Amino acid sequence: MRQNILITGASSGLGAQMARDFAALGRNLALVARRKDRLEELKAELLQRHPQITVSVGQLDVTDPEAVFTSFRSFATEFAPLGGIDRIIVNAGLGKGQPLGTGRFDANLETARTNFIGGLAQCEAALELFRAQHSGHLVVISSMSALRGMRKNMTTYAASKAGIDALAEGLRVELGSGPIRVSTIRPGYIRSEMNERVKNTPLIVSTEKGVRAMVAAIEKERPTANVPAWPWVPLGLLVRVLPTRALARMG
Ligand SMILES: NC(=O)c1ccc[n+]([C@@H]2O[C@H](COP(=O)([O-])OP(=O)(O)OC[C@H]3O[C@@H](n4cnc5c(N)ncnc54)[C@H](OP(=O)(O)O)[C@@H]3O)[C@@H](O)[C@H]2O)c1
């Protein structure tokens, strides 16, 4: 059982709800994001409901690689008396992006920096800890949009998620069935701050329902999981073989 869990992007949406669900399972938590006030509020809520667990929060911008290393190393030291950090969830992400060539390179660069370069820094820092302790569970929150190229506002986001998805697969290939495990979680549409302005669609599920499926897949340490399984497992198979003209109607 992974007792001490570090979650990035824990100040809202899926990260905050994963923290709630893991706290309910009695796990100790290290939570980071840029909005420290939101993390402090979440910490107070979690400790009120589960006074037996340890919750530590820290401010971190994942686009600053040095800060990522410093933050992860400092949590490793802090949690050493509790047995060390044994699961790291690379969850911080940005859903921004604009069609390429429309003057919004800034938005696309910020998306790529957060999701791919930030994700790479987090995987590096996590693997540094896990290699030193010869164990650990790295969880990368990818997306169903990693499976194919997507149009317009989704183009850079999908490409950044495909990049981090491939990075996690490469690590799984390298680490095989050894003591360091790597899971890739691909959420479908789950309510969060990222999509709060998106209207209800038949495919979108509540934060609670979506995250319950994510946490179940993470606990099973599945190599890959499209969540919730219905409809995203069959849709994942379909999306991989759709002709480009059909993709034009998505996203
Ligand atoms: N919701 C969905 O349907 C869905 C589907 C597929 C994949 N995902 C993925 O799920 C993950 C969580 O997203 P969400 O849906 O929960 O959206 P969200 O509510 O907007 O949460 C995003 C989290 O990432 C953090 N974050 C963003 N930029 C950051 C940075 N530079 N440094 C540190 N933290 C940063 C935010 O915290 P601060 O702003 O406080 O830093 C926030 O806690 C993302 O990787 C997203 O791509 C979501």
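All values reported here derive from a predicted model rather than from experimental measurement. Counting starts at 1 for both ligands and their atoms, in listed order.
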Query - Working for side chain to side chain donor-acceptor pair (under 3.5 Å), residues R148 and T244 - result: CA-CA 9 Å; R148 294 294 298 275; T244 312; 4.6 Å; no
Could you check [atom] against the protein and tell me its nearest heavy-atom contact, residue, atom and distance included?
atom: atom 21 (O) of ligand 1; result: S12 OG, 3.2 Å
atom: atom 25 (C) of ligand 1; result: G9 CA, 3.6 Å
atom: atom 35 (C) of ligand 1; result: A92 CB, 3.7 Å
atom: atom 5 (C) of ligand 1; result: G188 O, 3.0 Å
atom: atom 14 (P) of ligand 1; result: S192 OG, 3.3 Å
atom: atom 12 (C) of ligand 1; result: N91 OD1, 3.2 Å
atom: atom 20 (O) of ligand 1; result: M194 N, 3.5 Å
atom: atom 37 (O) of ligand 1; result: S11 OG, 2.9 Å

Taking distance alone, with no angle check, do [X] and ligand 1 share an N/O pair under 3.5 Å?
X: I190; answer: yes
X: L14; answer: yes
X: S143; answer: no
X: V62; answer: yes
X: R34; answer: yes

Interfacing atoms of ligand 1 (cut-off 4.0 Å, heavy-atom, [X]):
X: Y157; result: 6 (C), 7 (C), 8 (N), 9 (C), 46 (C), 47 (O)
X: G13; result: 16 (O), 19 (O)
X: Y189; result: 3 (O)
X: G93; result: 22 (C), 24 (O), 27 (C), 44 (C), 45 (O)
X: N195; result: 1 (N), 2 (C), 3 (O)

Report task. Look at atom CZ of R113 and say whether more than 12 heavy atoms of other residues, nucleotides or ligands are closer to it than 6.0 Å. Result -> no
Query raised in the report: Should we count CD of Q52 as having more than 12 external heavy atoms under 6.0 Å?
Result: yes
Looking only at atom types and distance, does a side-chain atom of [X] sit under 3.5 Å from a main-chain N or O of [Y], one as donor and one as acceptor?
X: Q59; Y: R34; result: yes
X: N115; Y: S160; result: no
X: N195; Y: S192; result: yes
X: T155; Y: M150; result: yes
X: K161; Y: R186; result: no

Looking only at heavy atoms, is any part of [X] under 4.0 Å from ligand 1, and if so is it the side chain, the backbone, or both, or is it neither?
X: S142; answer: backbone
X: A16; answer: neither
X: R191; answer: neither
X: L60; answer: backbone

Query raised in the report: Would Q122 and T8 satisfy side chain to side chain donor-acceptor pair (under 3.5 Å), going step by step from the backbone distance to the final call?
Result: CA-CA 9 Å; Q122 293 165 76; T8 69; 2.8 Å; yes
Report task. Apply side chain to side chain donor-acceptor pair (under 3.5 Å) to the pair N4 and N28, showing each step before the final yes or no. Result -> CA-CA 5 Å; N4 304 318; N28 301 316; 2.9 Å; yes
With a cutoff of 4.0 Å, is [X] in contact with ligand 1, counting heavy atoms of the residue only?
X: K161; answer: yes
X: A10; answer: yes
X: L94; answer: no

**Report entry** Pair H137-V139, side-chain contact (heavy atoms from CB on, under 4.5 Å): steps then yes or no
**Finding:** CA-CA 6 Å; H137 183 206; V139 180; 3.5 Å; yes
Report task. Could you please spell out the steps behind the side-chain contact (heavy atoms from CB on, under 4.5 Å) verdict for I7 and V32? Result -> CA-CA 6 Å; I7 306 174; V32 293; over 6 Å; no
Report task. Determine, stepwise, if the pair Q98 / N153 fulfils side-chain contact (heavy atoms from CB on, under 4.5 Å). Result -> CA-CA 4 Å; Q98 292 292 318; N153 294 12; 4.1 Å; yes
**Report entry** Pair L25-M1, side-chain contact (heavy atoms from CB on, under 4.5 Å): steps then yes or no
**Finding:** CA-CA 11 Å; L25 293 172; M1 191 179 66; over 6 Å; no
Query - Criterion salt bridge (charged side-chain N to carboxylate O under 4.0 Å, His left out) against R73, the qualifying member of E66, E124, E128, E78 - result: E128
